[in-house]
Amino acid sequence: MSGSERSTEEKIARLRETLNEHLYRYHVLDAPTISDALYDGLYHELVALEAAHPSFVTPDSPTQRVGAKPLEAFPEVSHRVPMLSLGNAFSDDDIVAFDKRCRTSLGNANHGDIEYACEPKFDGLAISLTYERGIFVRGATRGDGAVGEDVTQNLRTVGSIPLRIATEAAVLEIRGEVLMQRRDFERLNARQAANGEKVFVNPRNAAAGSLRQLDPTLTAERPLSFFAYGIGATDGVELPSTHAASMDMLARLRFPVTAERAVVLGVDGLRQYFARIGAARPTLPFDIDGVVYKVNNLALQQQLGFVSRAPRFAIAHKFPAEEATTILEGIDVQVGRTGAVTPVARLKPVFVGGTTVSNATLHNEDELRRKDLKIGDTVIVRRAGDVIPEVASAVLAYRPVDAREFVMPTRCPKCDSAIIRLEGEAVARCTGGLFCPAQRKQALLHFAQRRAMDIEGLGDKLVDQIVEHNIVHTAADLYRLGLLALASLERMAEKSAQNLLDAIAQSKQTTLARFLFGLGIRHVGEATAKDLAKHFGNLDRLMAATGDELLEVHDVGPVVAQSIRQFFDQPHNCEVVAQLRACGIRWPEHAGVMASAASGAVGAVAAVELKGPFAGKTVVLTGTLATMSRDEAKEKLESVGAKVAGSVSKNTHFVIAGTEAGSKLDKAQALGVPVLSEAEFIVRLDNSETH
Ligand code: D41
């Protein structure tokens, strides 16, 4: 390299440092020290130098934030460590219960009040940023927690996200929320309106829409912000021992971390924090929908672990619902799967809690009377975050003289059968049963859902059509569908009709628990269906069980037992079950807990064949898992029918790789054995049947 080249390279490096420093001061510290015009001047100087000397361009140059080409679609990214979701708390009682759960679970490991790290709950989109040896290499949306979308080039345009950080770590993954600050949102909407373009309803939607642009130059024009709230996968870094210290570390690495974070002690500390942030909420520059509490000590977090996909060590405490007033224009009725007739408020559309609401459930007749709602009333509509909207009350002072009382119809609007309400029951029901198209639709959707028979592609619109055209009456009819009947439906090409038939055929191999849940017996949810399947092991035994025998099942009480008995006492239901079996629906049967207990046999429960991704598979664990210990992972795998082996061979079905996985991972890759990330592992566990 010549002397002049060296000095050009140095000049470029200096400019880059200067510009990065000003970006940090502007976007993260919110304290710029130079004017926008001066910044732009320096920026264009760098652009010109880099254009003349392309070999000196580095990935962390501020010029690399823009200019990437539009994508056709976002590629998928597997999260190495799952992006868990957060449980919700809405009341002081919920918080007391959360603290109690933590203290109880920690038992002796904890003395006195628990220390909690608290932060506002940003109302944006959860994302992950991966840095390798300090360079930003990948940004992804949360997706389902296991697999998200690669939005790297869009995230590069976000000024507060550093393209390079001062760490030697081989991998450091930062998690946080992308959002749009209120001021930026107002400005963007004004600009959109002036250009005759779409105006966004709220900052969250604006942020989501901006992040999901396939053309990064469009994202670059949208003022997005980022706040970090956690750390995901790491490799080659020592993490501090508390969440608060991790956040301090991120702040030192120049990530935006909220100034509103705090560490408090016990429930009283949580209450004070909630009150403080609640009071500050209107003056914050961005929308928040609550606060988040996390057990501060990371070792204790690890010990608390998680349930399903939410950590036990953290909870989101949501702010009370937002309210708005509007007019109750009418009350319609909706017929559900079990025939329950629900009054639904038809409202003059009103903007509340971030969205426009035009319908709200009124639950049942008694609730309606208790609230004294009349058609024509001015009503208060309430909505909290992602919770369904409800009509809280009527403003009696505004009641018009011609306000009308709601009268529950005596006949079903869908099938004209009688609607009756039994003594002591809150709900009125359509007596049409499966004769009623509304009930039939709901029953079919329930049967086909992922957690039941899992018939992919059998959704709302399709069920509407096959029921309206009288092509399908019962679930058994699904298994007799032909290509011709399906292909004649609206928006149904032959290819999608065939896909649906394949999905229906595939659903025949199932488990007893899924099948039972799918039948839609009142009070038999997924958990009860699993308990019943485990207890009886076989459908005929369950169908023949007396009320008393049913009561022996774990968690089955008199109401559930009676409902099951009533279901199988209906010849019609037994007929459908028989038809379904005749159509080839199969599940592995076993002796059942009841049978083996009765015979006095010890350990006589036949090896149950489970359905699921790990059933009968040989799995090897390697590396460190972030959300559970090695023993827990082994236990979980075994409970879903896997065999956990110590070494990788060509007979290994999966290797589950945590962070810092070593030679086992190399061997798996050499042998072509599928490797799962921790996140993929957890999502698959969730889809597994357990012993
Ligand atoms: O501000 C937030 N929206 C926020 C979200 C936050 N401050 N902390 C969070 N912490 C977590 C855990 C404890 C699971 C790492 C979160 C989220 N999760 C989260 N965001 C979206 C899904 C989960």
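Just so you know, ligand 1 is whichever comes first in the structure, and atom 1 is the first atom listed for that ligand. What you see is a predicted model, and the numbers here were worked out from it, not measured in a lab.
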Between ligand 1 and the protein, give all atom pairs where both partners are nitrogen or oxygen and the distance is under 3.5 Å, as lines of names plus distance to 0.1 Å.
residue, atom, partner, partner atom, Å
ligand 1, 1 (O), Phe122, N, 2.9
ligand 1, 3 (N), Phe122, O, 3.1
ligand 1, 3 (N), Glu177, OE1, 3.2
ligand 1, 3 (N), Glu177, OE2, 3.4
ligand 1, 7 (N), Glu119, OE2, 3.0
ligand 1, 8 (N), Glu119, OE2, 3.4
ligand 1, 8 (N), Lys294, NZ, 2.9
ligand 1, 10 (N), Lys294, NZ, 3.0
ligand 1, 20 (N), Tyr229, OH, 3.0

Scan the side chains in residues 154-169 for donor-acceptor partners under 3.5 Å anywhere in the protein, sequence neighbours excluded, and list what turns up.
residue, atom, partner, partner atom, Å
Asn154, OD1, Thr219, OG1, 3.3
Asn154, ND2, Leu211, O, 2.8
Asn154, ND2, Gln213, O, 2.8
Arg156, NE, Gln64, O, 3.1
Arg156, NH2, Pro59, O, 2.6
Thr157, OG1, Asn154, O, 2.6
Ser160, OG, Phe226, N, 3.3
Arg164, NE, Asp60, OD2, 2.6
Arg164, NH2, Glu17, OE2, 2.9
Arg164, NH2, Asp60, OD2, 3.3
Thr167, OG1, Ala169, N, 2.9

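- Between Arg252 and Asp248 there is no salt bridge, since none of the side-chain N atoms of the basic residue sits less than 4.0 Å from a carboxylate O of the acidic one.
- The environment of Arg212 atom CZ is sparse: at most 12 non-hydrogen atoms of other residues, nucleotides or ligands sit within 6.0 angstrom.
- Between the CG atom in Leu106 and the CG atom in Leu300 there is a gap of 5.0 Å [rounded to 0.5 Å].
- At a cut-off of 3.5 Å, with distance as the only test, no side-chain donor of Glu660 or Thr624 sits close to an acceptor on the other residue.
- For the 3.5 Å distance criterion, the side chains of Asp150 and Thr152 qualify, holding a donor opposite an acceptor.
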